[in-house]
Structure formats: structure tokens, C-alpha cells
Protein chains: 2
Amino acid sequence: MLVQFAKVARAMGNPHRLNLLELLAQGERSVEALAEAAGLSVANASQHLQVLRRNGLAVSRKRGLHVYYRLSGHEVPILLAALRRTAERHVEEIGRLVHGYFQARDALEPLSRDDLVGRLKEGSVTLLDVRPPEEFAAGHLPGAVNIPLKDLKRRLDELPAGTDIVAYCRGPYCVLAYEAVATLRACGRRARRMEDGFPEWRLAGLPVESAGGA
Amino acid sequence: MLVQFAKVARAMGNPHRLNLLELLAQGERSVEALAEAAGLSVANASQHLQVLRRNGLAVSRKRGLHVYYRLSGHEVPILLAALRRTAERHVEEIGRLVHGYFQARDALEPLSRDDLVGRLKEGSVTLLDVRPPEEFAAGHLPGAVNIPLKDLKRRLDELPAGTDIVAYCRGPYCVLAYEAVATLRACGRRARRMEDGFPEWRLAGLPVESAGGA
DNA sequence: CTACTATTCAATAAGTTTCTTGAATAGTGG
DNA sequence: CCACTATTCAAGAAACTTATTGAATAGTAG
């Protein structure tokens with residue numbers, strides 16, 4: 001029994017595979033797209049993905065030429081979150097990183113999911129998704145505007161002037177939203193970041209919109 | 001960042017270390033005791049424990065000649081539980097085991113923690129802890145009687161005759177309570193098992209009694 | 001100070017993981 | 001059926017993990 005559990009843990013015990021899992025948490029993608037996004041050779045990405053599949057963390061389906069991978073179920077992001085939380089709390093090396101780089105930016109007034117839901121109902125905020133368009137297309141928060149971080153300065157006028165802006169990205173270890181809020185404030189806008197990212201939102205069972213219409 | 005997370009995952013990626021973690025979830029213990037319980041040489045156990053410590057999963061303190069290890073915090077059992085749940089759901093090999101050996105025994109009427117709390121208030125059950133005395137001493141459910149599985153037949157008369165017996169052990173993957181219920185029923189007693197074990201009970205913040213008086 | 005114990009350290013041999021490379025497979029469009 | 005593409009497979013070199021051994025360290029009791 002423990003041997004099997006250890007195999008699953010070991011499947012997560014490689015940074016590239018963790019990276020692939022976080023990418024898969026954004027939605028289904030082909031091997032090629034994943035390899036590209038993770039900065040791996042296709043053969044290598046394929047091998048890592050097979051490890052994830054063999055250990056029940058991901059599943060794949062073939063559609064035409066492409067093989068699409070996705071996470072095998074809801075438990076996987078929960079497991080990833082538990083791993084993050086444990087690692088964060090206990091490894092000093094990580095502790096220093098989190099409380100240096102990230103906590104320095106905590107002044108950016110994180111807004112919890114619940115608070116955000118309330119403010120969206122009031123209509124008092126503009127929701128900004130700063131992830132790349134592919135990820136936005138795969139799924140996003142209802143009503144969100146997509147401006148990838150790198151285009152933000154250029155496309156600033158697409159954001160209504162009067163309202164507060166709430167930015168979100170991939171999750172607690174993604175820096176996109178932090179950068180976006182910093183940028184927006186530098187441009188004189190009132191901006192905050194959402195505490196979590198898209199995967200956590202979906203995980204919480206909250207409504208999601210996607211490009212395909214579904 | 002991902003590199004650090006991967007290290008933590010990898011620290012759990014060995015069956016002996018998972019076993020040590022489950023033992024540590026029972027309470028603090030010396031290297032020697034852990035080595036003995038896990039069936040490892042002392043040097044080997046020491047090395048595995050150091051891996052756990054280096055990755056923030058366990059901490060140690062020296063008291064006299066002995067070094068005592070324990071889990072580093074609440075997040076660790078949560079992480080272990082998440083790992084179990086994921087592995088259980090998705091690895092077919094485990095699936096077969098769970099639905100063979102364990103589910104065959106599911107007729108042993110598992111009682112949830114909440115139901116148990118209710119029945120304890122009514123006073124309609126005898127609570128039986130079938131773990132070894134050391135683990136019982138380190139902490140147990142309030143009011144529980146400790147009869148290790150191997151002594152159960154011999155000490156049957158210590159259990160009051162009229163009431164239902166609810167047996168518990170180390171947790172969902174521990175077989176002690178299953179065996180105990182089977183044994184008790186074979187002896188004509190009305191017995192059920194508690195769904196989880198002692199670590200889960202403590203994790204849920206429910207009251208715990210221990211030998212030292214604390 | 002000496003004998004003794006619990007734990008850790010260091011070295012090594014066997015096994016596993018990882019990345020790279022190039023070839024094999026399977027599905028598509030003409 | 002052919003050329004083409006996406007993915008997987010296979011083999012090999014380098015880097016890591018693991019269990020075992022025996023020696024080193026640090027604390028206790030006499």
C-alpha cells in the first residue's frame with residue numbers, strides 16, 4: 001500500500017512534473033503545447049507526462065494527431081495545494097523566499113474569493129485576467145477582461161476608469177497578478193489582486209466561462 | 001520554488017519514509033523506537049528521519065541520550081491524507097487492493113466520527129483502542145479501553161457485555177480495527193469500527209486523553 | 001576517567017531517475 | 001498510397017538514492 005502512495009509522491013517529486021501539473025490545472029492541453037510552456041523537449045515532456053499518467057495524476061485522450069492531457073480529478077489540485085502549504089510552512093529556504101519576494105508585495109491588498117464575489121455582485125469592480133490568451137480561452141472568471149501582463153501598459157484604456165481593478169492569475173505562486181497591480185498603481189489606477197488564482201476559483205466550484213462557449 | 005516543493009514531495013516518495021511519517025503521526029518517538037516499529041536498521045532509520053527533517057516534514061529534539069522525532073505541524077497529516085485520497089482514487093493497482101481487501105471488509109459497518117460523538121454522549125457504546133500500549137499511552141480517545149489486537153481474545157471479559165463496541169486504530173489504512181471487529185463478532189459481540197483512526201480524530205480538534213495526565 | 005549507549009556520519013555498491021538522441025508508430029491530407 | 005506531423009519508444013551516459021557497513025560523536029552512569 002505504502003509502496004503505491006510513495007510512487008504517487010515520487011511522481012510529484014520533480015520540478016518539471018510539478019510545473020506540468022500546474023499547467024494542467026489551467027485546463028487540457030496537447031503534449032506539444034505543454035512542452036513549449038514548460039520549456040522542455042517534446043520527447044522529455046512526453047516522458048514526464050507519462051509518469052504523471054502512470055501514477056494516476058493525469059489522463060490523456062487522443063483527438064486526431066494530438067494527445068491531450070488533463071488532470072485526473074479534483075483531488076489532484078487539492079494535493080498540490082496541500083504540498084504547497086506544507087512546503088511553505090516548513091522549509092526555511094522556501095520560507096525566506098515567500099516572506100521576502102512575496103510578502104514584500106503583500107501590501108497589494110489581496111482580496112479573498114468571498115469578498116470578490118460580493119464586490120462583483122455590487123458591480124463595483126473590474127475583473128482583470130493577466131494570463132496569456134490561451135489560458136484565458138481555456139477558462140476564466142465570468143466577466144473578466146483578458147489583458148496579458150506584457151500588454152497591460154499599452155492596453156490600459158480598455159479598463160474603465162472609475163472602478164477598482166482586481167487582478168488574478170494562475171495562483172498563489174504566480175507573480176503575474178502582483179506585477180499587474182504594481183503596474184496599474186504606477187499608472188494611477190486603483191488596483192488590488194485576488195488572493196488565489198483561476199485554478200482555486202474553479203476548485204471552489206464557482207462559475208467559470210470559457211472561449212468555446214461551454 | 002517548484003524545486004523546493006519537489007524536494008518535499010520526494011521526501012515522501014519512499015515507502016519507509018511514509019511509514020515513519022504515519023508512525024510519527026501517532027506521537028513523538030525516539031529513533032530506536034521508530035527503527036524497531038518500521039523494521040529498519042537504526043542507521044537507516046536515522047538517515048530516513050534526517051531526510052524528513054531536512055525537508056521540513058519532521059523535527060527532532062534531544063533529551064538525554066535519545067533523539068525524539070515528531071511531525072513538524074498540522075499540515076503534514078493533511079498532506080498525507082491528500083496523498084492517500086489521490087492515490088486511492090486514481091491508481092488502479094491501489095484501487096483493486098482497496099476494493100478487494102478493504103472493501104470486502106466494509107460490511108464491518110464503519111461509524112463516522114460525528115456519529116460516534118453522538119453515541120458516546122448517549123453512553124450507548126464501549127470504545128476500544130486496539131493499538132499497542134505505547135501508542136495508546138501517547139494519546140487516545142477519551143474513555144477508550146486499550147486492548148491490543150493480539151490480546152483481544154484473552155482479555156475479552158474486560159469489555160462490558162451489554163453495549164455495542166466501536167474499535168479504532170491508526171487510521172484508514174490500518175487493519176487493526178478491521179481484524180478486531182471480525183474477532184469480536186466471531187466471539188458473539190456486537191462490534192463496529194470507527195471510520196478513521198486516532199490521528200484523524202486529533203486532527204479534527206476533538207478531545208484527546210494521554211497517559212501522562214496531559 | 002571509563003565503559004556504555006543512542007545517534008549520526010562516511011564510504012561504498014547496487015539500483016533508479018533523468019535527459020538526450022534517433023528511430024518507430026499512428027493518424028491526416030492530398 | 002505518400003509525405004507529413006505529433007507522439008511515443010529505446011538505448012545510453014550522468015547524476016542521484018538507497019541499504020549496509022563500520023567508525024565517530026555525544027551524552028550518562030559508575
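Below, chain A is the first sequence line, B the second, and so on; all start at residue 1.
In summary, of the residues considered (R113(A), R84(A), R202(A)), a salt bridge (Lys or Arg N to Asp or Glu O under 4.0 Å) with D196(A) occurs for R113(A) alone.
The existence of a salt bridge linking R170(A) and E22(A) is excluded, since no basic side-chain nitrogen approaches an acidic carboxylate oxygen closer than 4.0 Å. A salt bridge is absent between R63(B) and E28(B); no separation between the charged side-chain nitrogens and carboxylate oxygens falls under 4.0 Å.
Distances shown here put every side-chain N or O of N14(B) at or beyond 4.0 Å from the OP1 or OP2 atom of dT17(D). Proximity of S46(B) to the phosphate of dT8(C): a side-chain N or O atom is located under 4.0 Å from OP1 or OP2. Taking side-chain N and O atoms only, H66(B) has no distance below 4.0 Å to OP1 or OP2 of dT28(D).
Map V67(B) and R63(A) each onto its nearest nucleotide of DNA chain C; the residue landing nearer the 5' end is V67(B).
Following rounding to the nearest Å, L40(B) (CG) and dT18(D) (P) show an atom-to-atom distance of 12 Å. Atom CZ of R61(B) is separated from atom P of dT8(C) by 14 Å (rounded to the nearest Å). Atom CG in L49(B) sits about 12 Å away from atom P in dC9(C), given to the nearest Å. Distance CD (E36(A)) to P (dA6(D)): 12 Å, rounded to an integer number of Å. The separation between R54(B) atom CZ and dC9(C) atom P is 9 Å, rounded to whole Å. dT8(D) atom P lies 13 Å from atom OH of Y68(A), rounded to whole Å. Residue L34(B) contributes atom CG, which lies 13 Å from atom C1' of dT7(C) at whole-angstrom precision. Going from atom CG of L65(A) over to atom C1' of dA6(D) covers 6 Å, rounded to whole Å.
For H48(B), whose side chain is taken as the heavy atoms from C-beta onward, the closest listed nucleotide among dT20(C), dT7(C), dA19(D) is dA19(D). Taking the side chain of A43(A) as heavy atoms from C-beta on, and the options dT20(D), dA6(C), dC9(D), the nearest nucleotide is dC9(D). The side chain of V42(B) lies closest to dT8(C), out of dT7(D), dT8(C), dA26(C). Closest to the side chain of K62(A), from the set dT18(C), dA26(C), dT5(C), is dA26(C). The S30(B) side chain lies nearest to dT7(C) when the options are dT16(C), dA11(C), dT7(C). Candidate nucleotides dT28(C), dT7(C), dT17(D) were compared by shortest atom distance to the side chain of R10(B), and dT17(D) ranks first. If you check dT17(D), dA6(D), dT20(D) against the side chain of N44(B), the one that comes closest is dT20(D).
Here Y69(A) lies in heavy-atom contact (under 4.0 Å) with sugar-phosphate atoms only. Among the heavy atoms of the strands lying under 4.0 Å from R17(B) are primed sugar atoms or P, OP1, OP2 only; no base atom is included. Residue Q47(A) is classed as a base contact, given a heavy-atom separation below 4.0 Å to a base.
Side chain of Y69(A) to backbone of L20(A): no donor-acceptor contact under 3.5 angstrom is found. A donor-acceptor distance shorter than 3.5 angstrom exists from the side chain of N146(B) to the backbone of D129(B), with no hydrogens or angles considered.
Using the six-membered ring where Trp is involved, H66(A) and Y68(A) have ring planes that are tilted, between 30° and 60° apart.
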